[in-house]
Structure formats: structure tokens, C-alpha cells
Amino acid sequence: MLQKSNAQVRVYRDPEELALKAARLFARLADQYVIGCGKFTVALSGGSTPRAMFSLLSAEPFLETVPWSSIYFFWGDERCVPPDHPDSNYRMTADVLLSKVPVPRDNIFRIPAELPDPEEAAKEYTATLTSFFLAGPGANRTGTAPLSSVPRFDLVFLGMGPDGHTASLFPHTTALQAGERIAVANYVDKFKAHRITLTAATINNARNVTFLAAGEDKAETLRNVLEGSYQPDVYPSQLIRPRNGTLLWLVDETAACMLNEFKQG
Ligand code: 6PG
């Protein structure tokens with residue numbers, strides 16, 4: 001394990017071992033929070049990397065042992081497409097995981113990214129998160145006032161693109177200056193399209209944030225994000241520094257191959 005600023009980096013042999021460790025982490029945290037406070041709230045990432053983890057979680061031993069009925073599912077970001085579209089992060093997760101495990105439908109809060117107005121979609125998702133975390137099942141029942149009006153997920157899974165983006169926080173885009181807003185619509189020029197994304201403030205309010213990254217095409221960016229100078233407009237993944245939570249990178253050897261400490265091994 002490597003220690004990088006406030007991040008722990010765990011390097012695994014290959015994407016298969018990475019997926020298994022990520023599934024075990026999910027299951028362990030789910031148990032911990034369900035036993036501790038009766039529920040587990042998780043925001044999932046899209047893209048291709050989490051697919052193998054979802055597939056493992058939908059089978060034994062996780063199918064039987066994970067407390068699915070007490071888990072609440074959200075997403076870190078979504079493409080502005082209908083929920084049955086091949087590019088939909090929700091659809092990928094539903095196909096590979098949610099359609100195969102006993103999660104109550106009322107526990108699934110997808111981003112309504114198909115709405116014609118992306119700003120409306122972001123507003124609606126923000127309202128869903130606010131009512132869930134401040135008044136709904138997610139509200140802290142400890143009687144103490146919540147530290148902030150920003151939702152506090154138990155776990156946020158993130159990926160990282162070769163360009164250093166995470167969730168849909170892309171380089172040089174307006175969402176990087178979203179301040180304390182919860183979720184925003186973000187126009188991404190390279191796709192000539194909007195995305196809906198949690199902001200860095202919401203992600204950084206989580207109890208646990210875990211990046212999954214695999215593949216050689218991420219190696220140089222991973223080194224720059226973890227060991228390079230702080231340039232969040234160029235590498236938005238650098239914005240992710242939980243205020244009061246853990247930050248963990250689960251990566252495979254090919255993604256880690258340019259990390260100095262890793263090379264020193
Ligand atoms: C998305 C994601 C995005 C993803 C990265 C990495 O909607 O695409 O949420 O942030 O995590 O692009 O994607 P891969 O896992 O496919 O490399």
C-alpha cells in the first residue's frame with residue numbers, strides 16, 4: 001500500500017483482483033454501516049471499470065451476504081440519455097447488478113438525466129438528495145444538527161478518465177467552480193453534450209471515497225494526479241479530498257506503473 005498526500009493507494013495484480021477487492025470493500029462497508037446505523041448510502045460511478053465489481057456482487061457469496069434491503073443507491077454522474085439507453089450509467093448498473101439482487105425499488109435513486117433541460121435534471125436530483133439526506137431515510141436521527149446541508153454519503157465510488165476527469169467533472173468545465181452546490185449540469189465540449197454530476201463539495205463530504213482505476217492509459221495521469229503539482233482545472237480528480245472521510249485508490253499494476261513509489265517497490 002502506498003500513502004499519497006491524504007490518499008491510500010492499493011495496487012493489485014490485474015483488473016480481476018481489483019474488482020474482487022472492490023466488491024469486498026463494498027460488502028464490508030455495507031455491513032459496518034447497516035449494523036452501525038441501519039442503512040448504507042452509496043453513490044456509484046459509471047464507465048466500464050465498475051462493471052466487473054457489479055458482476056461479482058450479483059453472485060455468491062455477496063448475493064446472499066450483503067444486506068441489500070438496507071442499501072440506498074445513487075449515482076455520481078449520468079449521461080443525458082434515457083435510462084434504457086446503452087450509454088446510461090443507470091442502465092449498466094441495472095443490467096449487471098440491480099436487476100439481480102434483492103434491493104427494494106424505493107432504495108434506488110437514479111439521476112433523471114433524460115429530462116430535456118439538463119438544469120432541470122440537476123435541480124430534480126438535488127431535491128431528491130436534499131429530501132433524502134435531510135428529511136428522509138438518510139437524515140441523521142442523532143438530534144444533532146447536520147454539519148452541512150450537503151448530503152453525506154457513506155461511500156462514493158469514482159473512476160478516472162485518461163484526461164483526469166472524475167464523475168463528470170471534466171477539465172476546464174464550469175462544474176469545477178460549483179462551490180457548495182450539490183449536483184449540477186455540466187456542458188462537456190468534447191462530447192458536445194451535457195452531463196449531470198455531483199459536485200466536488202458533495203463528494204468531499206462523504207465518509208468514504210474510493211477510486212477504481214485500471215489500465216495503462218491511466219498511468220501517466222494517475223502519476224500526475226497523485227504525485228504531480230496541484231492543478232485541479234487540468235486534473236479534476238485532484239479536487240477530491242474528503243473533508244472528514246477516507247480517500248482510497250484501488251488500482252491495477254498497469255495503472256500504477258508510473259507511480260514513483262510504486263516503481264521503487
Ligand atoms: C462516466 C463516469 C466517469 C468514469 C470515467 C472512467 O459516466 O463515464 O462516471 O467518470 O468513471 O470516465 O471510465 P472507465 O471506467 O470506463 O475508464
Side-chain angles (χ1 to χ4, degrees), residues 12 14-16 18-19 21-23 26 42-56 73-97 109-114 118 121-122 125 153 155-173 175-176 178 183-200 202-204 206 209-222 224-226 232 234-240 247-256:
Y12 299 109
D14 51 34
E16 291 70 33
L18 170 60
K21 298 291 183 178
F26 176 90
V42 59
L44 302 173
S45 69
S48 58
T49 308
R51 201 186 176 92
M53 170 185 63
F54 295 157
S55 180
L56 289 170
F73 288 92
F74 300 84
W75 278 262
D77 69 322
E78 187 59 279
R79 296 91 182 264
C80 289
V81 294
D84 58 356
H85 189 282
D87 292 348
S88 161
N89 288 339
Y90 165 76
R91 173 168 168 189
M92 185 274 278
T93 315
D95 289 351
V96 183
L97 176 64
F109 300 87
R110 70 175 183 80
I111 300 175
E114 73 278 12
Y125 192 49
F153 289 100
L155 173 63
V156 175
F157 271 122
L158 295 172
M160 182 191 73
D163 62 356
H165 83 265
T166 189
S168 279
L169 301 170
F170 284 84
H172 313 294
T173 58
L176 306 186
V184 293
N186 195 27
Y187 183 75
V188 184
D189 196 49
K190 71 173 178 182
F191 303 132
K192 301 282 179 261
H194 282 85
R195 294 269 191 105
I196 311 301
T197 185
L198 292 181
T199 60
T202 303
I203 296 168
N204 285 333
V209 177
T210 299
F211 280 89
L212 306 182
E216 203 160 0
D217 64 337
K218 310 256 171 99
E220 188 172 351
T221 304
L222 187 64
N224 296 341
V225 165
L226 293 177
V234 180
Y235 302 113
S237 293
Q238 289 183 322
L239 284 171
I240 308 307
L247 178 58
L248 185 58
W249 286 79
L250 305 184
V251 302
D252 74 349
E253 285 182 3
T254 52

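Computed from heavy atoms alone, side chains included, the values below leave out hydrogens, waters and symmetry copies. Read the numbers this way: they start at 1 and go in the same order the structure lists the ligands and their atoms.
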How long is the gap from CG on Leu239 to OG1 on Thr166, to the nearest 0.5 Å? 9.5 Å
Please list, in number order, the atoms of ligand 1 under 4.0 Å from a heavy atom of Gly159. 11 (O)
Is the Tyr90 ring parallel, tilted or perpendicular to the Trp75 ring (thresholds 30°, 60°)? perpendicular
Does ligand 1 come near enough to Gly46 that some N or O of the ligand is less than 3.5 Å from an N or O of the residue? yes
With heavy atoms under 4.0 Å as the rule, classify the contact between Thr49 and ligand 1 as side chain, backbone, both or neither. both
Identify the closest protein heavy atom to atom 13 (O) of ligand 1: which residue and atom is it, and at what distance? Gly47 CA, 3.9 Å
Look at the rings of Trp249 and Phe211 and say which category their plane angle falls in: under 30° parallel, 30 to 60° tilted, over 60° perpendicular. parallel
Considering both backbone and side-chain atoms of Ser45, is one of its nitrogen or oxygen atoms within less than 3.5 Å of a nitrogen or oxygen in ligand 1? no
Under a 4.0 angstrom heavy-atom cut-off, which atoms of ligand 1 come close to Lys218? 14 (P), 17 (O)
Shortest protein heavy-atom distance from atom 2 (C) of ligand 1, along with the residue and atom involved: Asp77 OD2, 3.5 Å
Ligand 1 atoms in contact with Met160 (distance to a heavy atom under 4.0 Å): 6 (C)
Indicate yes or no: does an N/O atom of Thr166 lie under 3.5 Å from an N/O atom of ligand 1? no
Can you check side chain to side chain contact (heavy atoms under 4.5 Å, CB included) on Arg79 and Asn89, steps first, answer last? CA-CA 7 Å; Arg79 296 91 182 264; Asn89 288 339; 3.3 Å; yes
In terms of the angle between their ring planes, are Tyr187 and His194 parallel, tilted or perpendicular, with boundaries placed at 30° and 60°? perpendicular
Is there a side-chain hydrogen bond (donor to acceptor under 3.5 Å, both in side chains) between Thr173 and Asn186 once you walk through the steps? CA-CA 7 Å; Thr173 58; Asn186 195 27; 3.0 Å; yes
Min N/O separation His165 to ligand 1 under 3.5 Å: yes
Hey, which atoms in ligand 1 end up nearer than 4.0 Å to a heavy atom of Arg195? 1 (C), 7 (O), 8 (O)
Using heavy atoms and a 4.0 Å limit, tell me yes or no: is Arg79 in contact with ligand 1? yes
Check the orientation of Phe74 and Phe109. Use parallel for under 30°, tilted for 30 to 60°, and perpendicular for over 60°. parallel
Could you walk me through whether Tyr125 and Leu198 pass the side chain to side chain contact (heavy atoms under 4.5 Å, CB included) test, one step at a time? CA-CA 9 Å; Tyr125 192 49; Leu198 292 181; 3.9 Å; yes
Determine whether the side chain, the backbone, both or neither of Asn89 has a heavy atom under 4.0 Å from any heavy atom of ligand 1. side chain
I want to know if ligand 1 touches Ala167 in the polar sense, i.e. an N/O pair below 3.5 angstrom. yes
